[in-house]
Protein chains: 2
Amino acid sequence: MMNPLLLPEIRMMLAEGDAEGMAALVNDLHPASVAEFTEGLSDEEIWALLGHGDVERQADIFSFFPEERQLELAEGVGRERMSQLLGAMSHDDRVDFLKRVDPQAVESLLPLMAKADREDIRKLLSYPEGSAGSMMTTDYATLLPDITVEEAINRLRQQATQKETIYYIYVTNEDRKLLGFVSLRHLILAKLNALVRDIMQSDVVYVRVDLDQEEVARIVGKYDFIAIPVVDNDHRIVGIITHDDALDVVVEEATEDAQRMGGMAPLEEPYLDVPFTTMWRKRAVWLSCLFVAEFFTFSAMSRYEKVMEEHVVLAMFTVLCISTGGNSGSQAATLITRAMALGHIGVRQWWTVIRHELLMGLALGVSLGIIGFLRVMIPVLTPTSVIGAVDRLTLSFVIGQTVAAICLWGTLVGSILPMIFTKLGFDPGYASSPFVATFVDVTGIVIYFSIAKMYLF
Amino acid sequence: MMNPLLLPEIRMMLAEGDAEGMAALVNDLHPASVAEFTEGLSDEEIWALLGHGDVERQADIFSFFPEERQLELAEGVGRERMSQLLGAMSHDDRVDFLKRVDPQAVESLLPLMAKADREDIRKLLSYPEGSAGSMMTTDYATLLPDITVEEAINRLRQQATQKETIYYIYVTNEDRKLLGFVSLRHLILAKLNALVRDIMQSDVVYVRVDLDQEEVARIVGKYDFIAIPVVDNDHRIVGIITHDDALDVVVEEATEDAQRMGGMAPLEEPYLDVPFTTMWRKRAVWLSCLFVAEFFTFSAMSRYEKVMEEHVVLAMFTVLCISTGGNSGSQAATLITRAMALGHIGVRQWWTVIRHELLMGLALGVSLGIIGFLRVMIPVLTPTSVIGAVDRLTLSFVIGQTVAAICLWGTLVGSILPMIFTKLGFDPGYASSPFVATFVDVTGIVIYFSIAKMYLF
C-alpha cells in the first residue's frame, strides 16, 4: 500500500536478475499486495518471482491470487513444487483450492505430500459444501490443561509458525475433547507458574461440524470472535473457523441472496469472469420460467374480453393497478427475507409477521387507494373522452378499491412466500421480486376485473 | 453456550441473594451470552446482577445489549454508575452508544468522566457517520521503534487490559506518525533482545480517517486483518478498526442494499423493533412515488385506445409483454449493483458492462421472443376465438418481436441505471427492482403498441 510497485518495474527486476529487489518485493509486502501487484505477469514470471521467498511465504501469496489464476499457476508448475507449496498452505486455503482442481490432478499431487497432510486433506474434502466442516481449518493451537503458563508459552513459540492463529488457544483433554480456551492476551498477562486449567475460560462457544455456514458466520459476528472452535458429535475439537472466513461467507451469502432476489441463479464468480453461456443460462432459466408463468395473465384477461370490449378504459388501467401488487410484494418479500437472513425473525414467528404485514398492507393499501381514487376523479389526469360511457365516480371507486386490495394482497404474498419457502427447505430468496411480481400480476388481474364487474355490470 | 441458564433460575438467584451463583453467571460466560440470557429481566434486575462483576466486565456485557435496551438501562441507573461504566467501555462502543443518547444526557454525563475520556469522546463524536473515523476505536496499543522485544512485551502486559486488541501493535515515532506494525505472534517468536524496529513490518496497510466505511470493510476483508490502522492527513495514527466492526458494516450495508433493491428506504433497526408509523412511512413513500410514476402507463395506453378498440386481443397481451422488461431489468440491476458493491466492476468500466449487457439482452431477448412467438402460434394456448380478426402468424410476430425488444430494453436499462446513479453520487441500490420495473413498464407499452401498429395497421 505504501509503495505500490508497478508491473514494468517488476519486469525490469526480473530481466536484470535483481535478486535483492525481488526478495524485498516478495517478503516485505503483505501477501495480498504481492498477489495484486503481480497479477499482470505471466505464470512463469510469477513463479520466478515467488522463488525469492521461502515456501511458507510463497504459499501465503499463492492463496491470495484469484481462483482462476491459482488454477493456471498450478498447471504451469511441476508437481514437485506444487506439492511443497500445498504442504505449506493453511489447511483451509489448500482444501478450497483442491476442490476446484480436477480430481485426477489432486490424486497425482497427494502421493508427493506428507502422510499427515494427505489425511488432513482427505478429511477436510469429505465435509459437505456449506457446512462448518467445509469452512474450517485444522491448523489450530491446542494445549493440555495441566501445564503451567510458562510451559504453554514455550509450546506456542514452537507451534506458532504453522498455525492459522495462536490468539485463541484451545484446551483439550488427551482425547481432544474441548475443555476450554485461553486467549494469548490472557496468557501473557497471567502468572508464569499458574496452571492453564485455572486461567482458561471454560464456557466455550463452539459450533458443530455440520452446522450451516451462514449460521456459523452469524455466531462469529454475534460474539466478535477471532476464531470459533468446531467440534464433532463426541465434543472433540476437529477444527476452527477464523473471522476472515466468516466475513467471506457473509459477503458470499449476501451476494447470493441479492442475485436470487433479482431473479437469477447465484453466480459463483465475479461478474466479468463468468463465461457468457453460463451467465446466459443462469439468467435465461429464471426469465423463461417467469415468462411462462406470465402466460396466465393472458388467460386471466381473456376471461374478461367482453368487459374490456365494452369499456376499453378498463384495459388502460390494468398495468397501473397490478403494478402496485408487484411493488408492494417486492418490498415485503425483501424485508422479510433479509430479516430472516439476519436472524431477526424466524418461521416460528409467522403469525406475528402475518399480523404485522396485514395491518401494514391495509395502511399502505388505503394510502395508495386514495391516490388512485383522486387520480381518476381529476379530469386533467383522466380525460372524460377516455372514460367513455363509464360514470367517473364509479370508476374512481373501482380503481381506488382495486389498488388498495392489490396492494394488501401483494404485501401479504410477499411476506408469506419467503416463510413458506423456508419451511419447505428452499432458500427464502427464491421469493424474489420478479417471482412475487409475476404471481401477483396474475391474481391481480382477477381481483381488478372482479371489482370492476361488481360495480359496472 | 454450554450452560444456557434460564430466566427463572436467574430470578431465583436474585431473590435468594445467591452471590456466588450470580458472580459465576456474570464472570464466567461470554459477555454476549450474559446479555442474551438476561434480556427478559427488568432494568433493576439487570443492574443488580451486573453488580457482581467488576466495572470492566459490566461494560463488556452492557455493549452486547441491543441498542434500545442500552438506552432503557441507562435511564434506569444513576449518572455516577453510568459514567463509570462509560469509562470502562471500549472507546468505539461507548461512542456508538452516546450517539443514540439524547445530547442533553450526554452533556450531563461527560463532566463526571476523566478528562482524557471526555476529550476522546468529543473527538470520536466529531467524525461524520459512515466514515472510517466513525467506526474506529482509540484504545489501540502502540510502541516506539527503539525498544527491545523484551521491553515491548513488558509494556504490553501493562497496556493489555485497557486495549481493544493487542494482537496487532502499531509502531510510531514520537509524533505518532505510523512507522510500522508488529503482530503479537511475531513478538513472542522474536529474540528478546531484538529491536522492535528490526522485527516490525514497515509496509502497513492503513486507511484515512475520512474513507467510506464500506471501502474500509472491503480492505479489511481483502487482507484478512484482525485490525487496520486509521491515519490522519499527516500520517499520524488516530485509531484502529477491528475485524468485528468491519463485519458489522458488511452486514449493515448488505441489509441496506437489499432494502433499497426491494424498493424501500433502509431501516435502521431489526424488523420487529421498527415502530409501525416509521415502517409505514419508509414503505409508503417509495410505493407512492412508484405508483405515481405508473400513472404514465395509463397515459401511454390511452394513446392507443383506437388500436385496442379494434383488436382487444392486444390489450390482453400487454401485461405478458411488459412484465418481461421488469423481470430482465430487475435481474440486470441486481447483478450490476451487487458487482459494484463487491468492487468487481466500477463506473469506469461502463462500456464493458454495456457491451456485455447488450449482447446478453439480445441473447435473452431472442430466447424469450421465440417462446412468445410459439405461445401465440399454438392454438391451444391462444384460442382463435380470442384472436378475433387478426392473422395468427402476424400476431405471433408482433408478440415475439415485442418480447425480444422489451427484454433487451429492460436489460439495458437495468444495467445502466445503477451506473448512472453512482455517477450522480446516489446509491446504485436506488435502481431497485420496482423502480426499474416501473420505468420499463411505461416505455414497454410504447414499444409494444408501436410494433403492433407497424404490423397491423
Side-chain angles (χ1 to χ4, degrees), chain A residues 1-2 28-30 32 157 160 166-167 184-185 189 203 205 221-224 243-244 247 250 254-255 258 262-264 270-271 280 283-284 287 290-291 294 297-298 301-302 308-309 312 315-317 319-320 323-324 327-328 330-331 334 338-339 344-345 363-364 367-368 371 386 433-434 441, chain B residues 1-2 28-30 32 157 160 166-167 184-185 189 203 205 221-224 243-244 247 250 254-255 258 262-264 270-271 280 283-284 287 290-291 294 297-298 301-302 308-309 312 315-317 319-320 323-324 327-328 330-331 334 338-339 344-345 363-364 367-368 371 386 433-434 441:
Chain A
M1 274 307 254
M2 288 170 94
D28 293 351
L29 294 179
H30 190 284
R157 274 181 194 266
I166 55 158
Y167 298 135
L184 185 55
R185 181 180 187 142
L189 280 174
D203 177 60
V205 179
K222 175 175 164 190
Y223 292 94
D224 298 347
H243 66 98
D244 49 318
L247 181 65
V250 169
T255 303
M264 64 178 298
Y271 175 75
W280 173 81
R283 293 168 73 164
L287 286 184
L290 293 168
F291 185 61
E294 287 277 352
T297 59
F298 176 83
M301 286 189 84
S302 62
M308 278 186 287
E309 268 173 1
V312 77
M316 296 178 207
F317 275 114
V319 177
L320 178 62
S323 69
T324 318
N327 293 340
S328 60
S330 294
Q331 199 179 64
T334 310
R338 191 64 201 159
H344 293 161
I345 51 173
L364 294 170
S367 320
L368 294 188
I371 302 177
V386 179
S433 301
D441 275 355
Chain B
M1 275 309 253
M2 288 169 94
D28 294 351
L29 294 178
H30 190 285
R157 275 179 193 267
I166 56 159
Y167 298 134
L184 185 56
R185 181 180 188 142
L189 281 174
D203 176 60
V205 179
K222 176 175 165 190
Y223 293 93
D224 298 347
H243 66 97
D244 47 318
L247 181 65
V250 169
T255 303
M264 65 178 298
Y271 175 75
W280 173 81
R283 293 168 74 164
L287 286 184
L290 293 167
F291 185 61
E294 287 276 354
T297 59
F298 176 83
M301 285 188 85
S302 63
M308 278 186 286
E309 268 173 0
V312 76
M316 296 178 208
F317 276 113
V319 177
L320 178 62
S323 69
T324 319
N327 292 341
S328 60
S330 295
Q331 197 179 66
T334 310
R338 190 66 200 159
H344 293 161
I345 51 173
L364 294 171
S367 321
L368 294 189
I371 301 177
V386 179
S433 300
D441 275 354

Q: May I ask you to name which of B/Arg283, B/Glu309, B/Lys222 has the most heavy-atom pairs under 4.5 Å with chain A?
A: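 Sorted descending by pairs with chain A, the first entry is B/Arg283.
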Q: Could you tell me which of B/Met316, B/Met264, B/His344, B/Met308 has the largest number of non-hydrogen atom pairs under 4.5 Å with chain A?
A: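 Counting heavy-atom pairs under 4.5 Å, the top option is B/Met316.
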Q: Heavy-atom pairs under 4.5 Å with chain B: which of A/Ser330, A/Gly221, A/Ala339 has the most?
A: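 Option with the greatest count: A/Ser330.
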Q: Under 4.5 Å, counting heavy-atom pairs only, tell me which of A/Leu290, A/Ile345, A/Leu368 racks up the most with chain B.
A: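 With the most close heavy-atom pairs to chain B, the winner is A/Leu368.
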Q: Examine whether an atom of B/Val312 lies under 4.5 Å from a heavy atom of chain A, and if so say whether it belongs to the side chain, the backbone or both; otherwise answer neither.
A: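 When you check distances to chain A, only side chain atoms of B/Val312 fall under 4.5 Å.
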Q: Is the side chain of B/Tyr271 donor-acceptor paired with the backbone N or O of A/Arg338 at a distance under 3.5 Å, no angle test?
A: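 Here the side-chain-to-backbone pair does not exist.
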Q: Side chain, backbone, both or neither: which part of A/Ser433 has a heavy atom under 4.5 Å from chain B?
A: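 The side chain, not the backbone.
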Q: Of all of B/Thr297, B/Asn327, B/Val250, which one pairs up most often with chain A through heavy atoms under 4.5 Å apart?
A: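 Among B/Thr297, B/Asn327, B/Val250, the one with the most close pairs to chain A is B/Asn327.
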Q: Give, for atom CD1 of A/Ile166 and atom OH of B/Tyr167, the distance between the pair rounded to the nearest 0.5 Å.
A: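 Here the rounded value is 9.5 Å.
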Q: Taking C-beta and beyond as the side chain, do A/Val386 and B/Phe298 meet within less than 4.5 Å on heavy atoms?
A: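 A side-chain contact under 4.5 Å exists here.
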Q: Which of parallel (below 30°), tilted (30 to 60°) and perpendicular (above 60°) describes A/His243 and B/His243?
A: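 The arrangement is tilted - the two ring planes meet at 30° to 60°.
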Q: Can you check whether A/Asp441 reaches B/Ser323 side chain to side chain, under 4.5 Å on heavy atoms?
A: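 They are in contact (side-chain heavy atoms under 4.5 Å apart), so the answer is yes.
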Q: Are A/His30 and B/Tyr223 an aromatic pair, judged by ring center distance below 6.0 Å?
A: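 Yes, the ring of B/Tyr223 comes within the 6.0 Å limit of the ring of A/His30, centre to centre.
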Q: Can you find a heavy atom in the side chain of B/Thr324 that is under 4.5 Å from one in the side chain of A/Leu287?
A: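 They are not in contact (no side-chain heavy atoms under 4.5 Å apart), so the answer is no.
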Q: With sequence neighbours excluded, tell me which residues meet side-chain hydrogen bond (donor to acceptor under 3.5 Å, both in side chains) with B/Ser367.
A: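 Result, side-chain hydrogen bond (donor to acceptor under 3.5 Å, both in side chains) vs B/Ser367: A/Trp280.
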